[in-house]
Every structure is written in C-alpha cells, then in structure tokens.
Novice: 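Structure incoming, see below.
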Amino acid sequence: MKWWRLMFVGIGLILLVACSDQPKPEDAFQSYMDHWESGEYGQMYEILSENSKQLISKEEFVDRYTTIYEGIDMANLSFTYELPEEEQEYETEDTPSFEFEGGLDSLGGPIEFSNAATLVYEEGEESDRWAVQWNSSMIFPEMEEGDEVRAWTLDPKRGEIFDVNGEPLAVNGGVLDVGLVPGRMEEHTEEEKETLKKEVAEILDTTVEDIDQQLNQSWVTADTFVPVGSIAENDQKTKEALEDDELPRGVKLQPNPDARSYPLGEAAAHLIGYIGPIQAEELEELKDEGYTAADQLGKTGLESVLEDQLRGVEGGKVVIQTEAGETKEVLAETAAKDGKDFNLTITSEVQKSLHEQLSGESGTASAVNPMTGDVLALVSAPAYDPNAIVLGRDVKSTLNKFNRTYSPGSTFKPITAAIGLEQGVIIPEEELSIKGRTYEQNGYTVTRVPGAAQDEQVNLRDALVRSDNIYFARKTLEIGGETFLQEAREFGFGEDLPLTFPIENSQLLNGEQFDRDALLGDTGFGQGEVQMSCLHLALTYTPFVTGGDLMKPRLVSYEEAGQIWHENVMSEDTASIIREDLKAVVEDSAGTAHEPVVEGLSLAGKTGTAELKQSQEEDGQENGWFIAWDTESQDLMVSMMIEDAEGGSHYVVPKVKNVFEKLQ
C-alpha cells in the first residue's frame, strides 16, 4: 500500500505547483498600471483583451496615448489602488474589477480621476492569461468612442505702461491688420487683381511676391481674411489710401488686440523699447520659463527690463470634445494671470520736449525733480520709431545713450567745489592768483578756457562763473587724491545707480588711486578718466537744491517717493554757496550760460565742454553739456549732452533753455 500513498502525495504536489503557476488578474492589472505610469504604451497594449484589440491597433493605441498626453503637456502621472490582501480564487468566467485613482499635471492644471479596470480570462495556445478590457473611457472616464481630448493655452494680457499722469506709453491694441479676402477679389480681372496687390504692397512698403505668398497658403479659402501687413490705428492717411474707392475691392481692415503700440513713438523709444517675436536663440535660453515659439518678448527698454512682470502668466484649458467639436467635459482649466501695469514718474510733456531739442542731434538728456529724485524724462538721440518695428517695417533700433557714461567736462566742477568747501581747502571769498592762460607745476600743464584768461585774482564764484580750469585743478591737487576719492564716493561714484533701468556706473578712475598729478588735476575739472551718465550728473546736483541730501532716483511710481540716496553729502552752507554761484553762471553777463537771455526764466546751472582726444597736441571731438534747474519752482532739472557740438556747451545752452521756456 505504500506505493499508493506515494502516488497520492505526488499528485498533490503536482496540483499544488499547478495552482501556484496559474495567472492572477491582480498581476495583470498591476503590470498594466505600472506600464501606464511609466509611459510604456506598447507594453500596455499587450495586456489588452483580444476583444479590445479588435477596437484599436497597437500603433493607433500608442499614438492616441502619446498624442493626448503630449497635447495636454502631461507630467507627473501617478496612480494609487488597493489590491486584495488575501489571495482570491477566480473562475474562468469571472470578470474581476479593480478600482484606481489617477492624477496628472496638465496645461490646464491638475487633473484627477477615478476609474476601474475590468479583466477577463483568455485561453491561449501556449498559456492562459488575464487581460484588461479596454475602451476610450480608460483614458478618462468621461470619454466615449469618437471623443477627443483638446488643450490650448489661455493668453494673458500684457501689462501696459503709463506716465505719471496716466498718459499711455506702451499699450495693447492701436494696430489694424490689413488683409485681403480672396472671395472679394474674384469679380476682378487678372489685371485688376495685380493692380490691387501692387497698390497695397506700395502702401504697406512690402512686395507683391510677399502678398502672393500669404494668399497661396494651404489654409486660405474664399472667405479667409489673409493678413498682409499692419498699420497704426491712428494712421489716417494710410487708412484712407487703403480704403480709396478707386482701389479694386478686396482690402479689409480689422483691429489687432494682441498688437502693441507706443503713443510717444520716437520720443520715448529708448526708454520704453519694443516687443517682437521670440527668436530661436532666445527661446533656447528661455524655454524653461514657459516661453513658446509663438510668444512675443520685450526686446529693449522697459519692455525688456520689466518683461517678467509685464508678460503675465499663461493659463490653460483641457477639455473632452465630441466628434462635432462640442465641449463635453472640462477636465482642467487655469485662468491666465494678466501682466502688471506700470505707472512711471515720467512726464510725457517733458519727454517730448527733450526729444524735440535733440532732434537731428547725437546725444542724450535727462530730467529729474531735484527735490524728490523722480525721473521725469530720459532721452537718447538719434531715435527710431518703435511702432514701425512692431508693424514690420524695415527700421533698425539705434544705440541707447542715456544708459552710458561720458566725460562730463566742466559740469563736474561744482562737485569739486563742494568737496573743497567741506574740506576747508576752498574758502569762498579767498582769491587765487592766476596769471595767463596756462599753469605749470612739476611738469603738469593746465590751460584756461578763453573766458577765464583775463582774471588774475580768482575766487570760487569767479571760477564757476567763468569755468576756470586752473582754479579747480590747483584746488584738487591741494585736496589730495585719497581725500578726493573718499569724498567723491558720497556722490555715488563707483556704485550701482539705484534705478529700475540699468545704467552704467559713473567712475572717477580706471584704477584704484591717482598715480600722477596730471590725472588728479584734470579730474578736478571733469576731464581725466571721469565718466558719468547724464542722469547721474543730474542727481549729483540735487544736494544743491535740497540743502545737502543726494536724492535717490525713482522711475516707477509704486516705489517710495523722496528717498535719500546719500544723506548730508554737504552742509546747507556749502549747498547755498554753490547754488548762488550757479545762479550767477546764468545771470551774470560773464557767465558761460548767460546767453541767450530768456525773460521769465530763473535758472541755475553749469556748462561743460568735454574734449575727447588722445594727447594735448591733437584736436579732438568736443561734447557739449549744460545742466540747469528752475530755482523758483525747484521741480525741474535738465541735464543735456550733445556729441561733437560745434561751439561745445554754447550750442547746448539754448536748447536746455528752450525746454524750460516751453514747459513754464
């Protein structure tokens, strides 16, 4: 009987092994979910039931998942589910179902869904298996056969820029797209069609070839509006030309709310800048910040400086649509966040006035309120029309000069005067004996400007009124290089200008110390290696108005007004002395800024002519400077520099006075 026992034990072992090798629906389900979470759509398909495979091919299955997930920018797909804790027994006729929770991030925001996978038992030639029953609802529960998942971005409105009074500087719209409608042109002869295209091309400064290229695109139908150019909404002359009754029918104008326009045009071109289509290299650099090839980007000026805040944040929407294109279910939606609007401290009238005076010139100008530090204007010349660039015209931007530094010439002398007074080296009424046009000491030679050559006994007022180089060179040497450097730092030299718009740092020296008398002496009257921006120069004059405090510049209105950059740069006595002397520069008949005399103006200021040459022997370009402020209202200070100015500062003085006269 023993062999019978052995036979029964053997059969039992065989049955036990056979049971343990049987496929389990839990394993098939878990494998399917693992492949899904890993994006292995081909392996998912292999786990589908034969009936499911009749509905969709492997290629179609993989393509559908790939297309849907790429289309909605899917990321972070994950699933959670619970399997039976105890081993289950299943009959071949059973259809077990396992519930799961899914979640993913999409273009429209997070999407969460609940579903269940049903499995069926299938016998095979080599082995049996459990397989997943699949249909479209397995992608998203709300989907049915024929439905599609669609997604699109929701564009934010770009923030706009206004001046201190709410006048527009950079706004959305203001542009008309010019297009042709092929159906309207069908009634014309071929000759009339060519005439129409030729006339439109001439008006829009484009070519017939470019227009034909637009009209011949595959998506164009008879009723399609085909854009061929753009014009400014307020360009009445061009609008009338395009709507001329003698022009064959076919032209249509329609507003473009996504366009950008710049009401001040050339007058604020370098300050405001412009936007344009993002380029390939820019996209490569910014792709991780959410930009796409279809986006616009701030290229220059504040459009670029404030880009992150102006552009806003895109939203998105993911929906299920029926075959008819109707939205059946919104899976996710995130509203776009519009860009931030900015009000500047800029005053449009001051900006336009400075631009007008610099028209046809090469140079720069700034205007500030010396009591508050508010920046009222920043201008660079020659300018360009940002609207023309946005409209696709062949216009190039020009170099921005107000964010660069230049030799300030004699406009630097009041800074030297302030340092000398504070150090006790300069005593206002004390006279310095100066004979002739030149002064020489230890091989260092200084030449006086012609207007100062007649004086022999010179005090501070005389030196400022007549702009005496020798006086300031000698006083600077007396102050000493180390002290001069230390005191000049109080005026912001070597620091970043605390302004929203990046501007080059002003400097006194290329190195760390004065290595020769000639360099120190020349620095005292604004030559040597001194470099200043037009705006920084204006700010260094604010202590003469405030009574000693150097004001912090403010360009954006939400910043706190009237902040001090450097406190007590000089005493009230020093500020008062220099202020009165700078009034004399304009009012005294011997003053370098006396002519032309303009009735009704009460100005104080300083002229400067910066010589740009490599050696004393050669003749170089002369840049003319004039900085002045209204001593009565004390709310406007203008600093202007014109390159290669014939007559130096004398060419600039009347231009600055024109600004005050027109704005008073």
Side-chain angles (χ1 to χ4, degrees), residues 64-78 102-113 139-143 147-162 168 170-177 179 219 224-225 227 230 233 254-261 273-280 282-299 302-342 390:
R64 191 167 192 195
Y65 273 87
T66 301
T67 301
I68 288 174
Y69 285 159
E70 288 182 353
I72 67 174
D73 287 351
M74 184 274 287
N76 304 319
L77 176 65
S78 63
L104 57 86
D105 294 326
S106 76
L107 182 69
I111 298 176
E112 296 180 350
F113 55 96
I139 303 174
F140 292 112
E142 299 85 356
M143 286 189 70
D147 290 348
E148 296 288 345
V149 177
R150 304 290 185 195
W152 58 88
T153 57
L154 302 175
D155 294 326
K157 186 184 79 169
R158 189 173 181 86
E160 298 178 314
I161 304 175
F162 304 90
V171 291
N172 300 314
V175 172
L176 295 174
D177 283 340
W219 50 268
T224 303
F225 173 83
S230 301
E233 202 169 50
Q254 65 181 34
N256 182 349
D258 298 324
R260 194 78 160 170
S261 58
Y274 62 91
I275 65 171
I278 193 168
Q279 301 299 308
E282 294 169 330
L283 181 59
E284 180 63 28
E285 183 178 341
L286 297 170
K287 61 184 179 182
D288 293 337
E289 297 181 27
Y291 286 89
T292 69
D295 285 332
Q296 298 274 317
L297 180 71
K299 300 290 185 177
L302 287 172
E303 288 278 33
S304 174
V305 173
L306 302 174
E307 169 68 17
D308 289 346
Q309 298 173 76
L310 287 169
R311 64 180 291 230
V313 180
E314 285 184 340
K317 192 171 185 177
V318 180
V319 303
I320 296 174
Q321 289 184 344
T322 64
E323 286 185 280
E326 297 177 351
T327 297
K328 177 179 179 180
E329 183 79 22
V330 177
L331 295 174
E333 182 174 7
T334 299
K337 183 179 180 181
D338 290 339
K340 182 176 180 178
D341 291 340
F342 285 88
V390 170

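Here, residue 1 is the first one in the sequence, and each next residue gets the next number.
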Novice: More than 12 heavy atoms of other residues, nucleotides or ligands under 6.0 Å from CD of Gln254: yes or no?
Specialist: yes
Novice: Roughly how far, to the nearest 0.5 Å, is the CG atom of Leu176 from the CD atom of Glu233?
Specialist: 5.0 Å
Novice: Do the side chain of Thr334 and the main chain of Gly108 share a donor and acceptor less than 3.5 angstrom apart?
Specialist: yes
Novice: To the nearest 0.5 Å, how far apart are CG in Asp338 and CG in Asp155?
Specialist: 10.5 Å
Novice: Could you tell me whether a side-chain N or O of Asn256 sits under 3.5 Å from a main-chain N or O of Asp177, the two making a donor and an acceptor?
Specialist: no
Novice: How many angstroms lie between CE in Met143 and CG in Leu331, if you round to the nearest 0.5 Å?
Specialist: 8.5 Å
Novice: About how many Å separate CH2 of Trp152 and CG of Leu107, when rounded to the nearest 0.5 Å?
Specialist: 10.0 Å
Novice: Minimum heavy-atom separation for Val318 and Ala151, please, with both atom names.
Specialist: CG2-CB, 3.9 Å
Novice: Does the Ser106 side chain pair with the main chain of Pro110, one donor and one acceptor, at a distance under 3.5 Å?
Specialist: no
Novice: Under 4.5 Å between any side-chain heavy atoms of Val171 and Ile161, yes or no?
Specialist: no
Novice: Quick one: does Ser261's side chain have a donor or acceptor within less than 3.5 Å of a partner on Gly173's backbone?
Specialist: yes
Novice: Would you say the side chain of Ile68 lies within less than 4.5 Å of the side chain of Ile139, judging by non-hydrogen atoms?
Specialist: yes
Novice: Got a second to check how far Ile72's CD1 is from Lys317's NZ, nearest 0.5 Å?
Specialist: 15.0 Å
Novice: Under a 4.5 Å cut-off applied to non-hydrogen side-chain atoms, are Glu303 and Arg260 in contact?
Specialist: yes
Novice: Where do Ala293 and Ile278 come nearest, in terms of heavy atoms and distance?
Specialist: O-CG2, 3.8 Å
Novice: Do the non-hydrogen side-chain atoms of Tyr69 and Leu77 ever get within less than 4.5 Å of each other?
Specialist: yes
Novice: Could you list the donor-acceptor pairs under 3.5 angstrom formed between side-chain atoms of residues 304-314 and any protein atom two or more places apart in sequence or on another chain?
Specialist:
residue	atom	partner	partner atom	Å
Glu307	OE1	Arg158	NH1	3.2
Glu307	OE1	Arg158	NH2	2.7
Glu307	OE1	Gly298	N	2.9
Glu307	OE2	Tyr291	OH	2.7
Arg311	NE	Tyr291	OH	3.3
Arg311	NH1	Glu289	O	3.1

Novice: Is there a side-chain contact between Asn172 and Asp258 (heavy atoms, below 4.5 Å)?
Specialist: no
Novice: Only counting residues at least two apart or in another chain, list the ones meeting side chain to side chain donor-acceptor pair (under 3.5 Å) with Glu333.
Specialist: none
Novice: Does Glu285, at its CD atom, have more than 12 non-hydrogen atoms belonging to other residues, nucleotides or ligands within less than 6.0 Å?
Specialist: no
Novice: Report, as yes or no, whether the 6.0 Å neighbourhood of atom NZ on Lys337 holds more than 12 heavy atoms from other residues, nucleotides or ligands.
Specialist: no
Novice: Please confirm whether the backbone N or O of Ala336 pairs with a side-chain atom of Lys157, one donor and one acceptor, at under 3.5 Å?
Specialist: no
Novice: Test of understanding: with salt bridge (charged side-chain N to carboxylate O under 4.0 Å, His left out), list the residues that count as partners of Glu282, not counting sequence neighbours.
Specialist: Lys299
Novice: Checking Asp295 now: which residues fulfil salt bridge (charged side-chain N to carboxylate O under 4.0 Å, His left out) with it, not counting sequence neighbours?
Specialist: none
Novice: Not counting sequence neighbours, list each pair that qualifies as a salt bridge (charged side-chain N to carboxylate O under 4.0 Å, His left out) and has a residue in residues 64-77.
Specialist: none
Novice: Heavy atoms only: give me the nearest Pro141-Phe113 pair and the separation to one decimal.
Specialist: CD-CB, 3.9 Å
Novice: Look up atom CG in Leu283 and atom CG in Leu297, then write down how far apart they are to the nearest 0.5 Å.
Specialist: 10.0 Å
Novice: Any side-chain heavy atom of Glu160 within less than 4.5 Å of one from Pro168?
Specialist: no
Novice: What residues, two or more places apart in sequence or in another chain, satisfy side chain to side chain donor-acceptor pair (under 3.5 Å) together with Asp105?
Specialist: Asn76
Novice: State, yes or no, whether a side-chain contact exists between Asp147 and Thr322 at a heavy-atom distance under 4.5 Å.
Specialist: yes
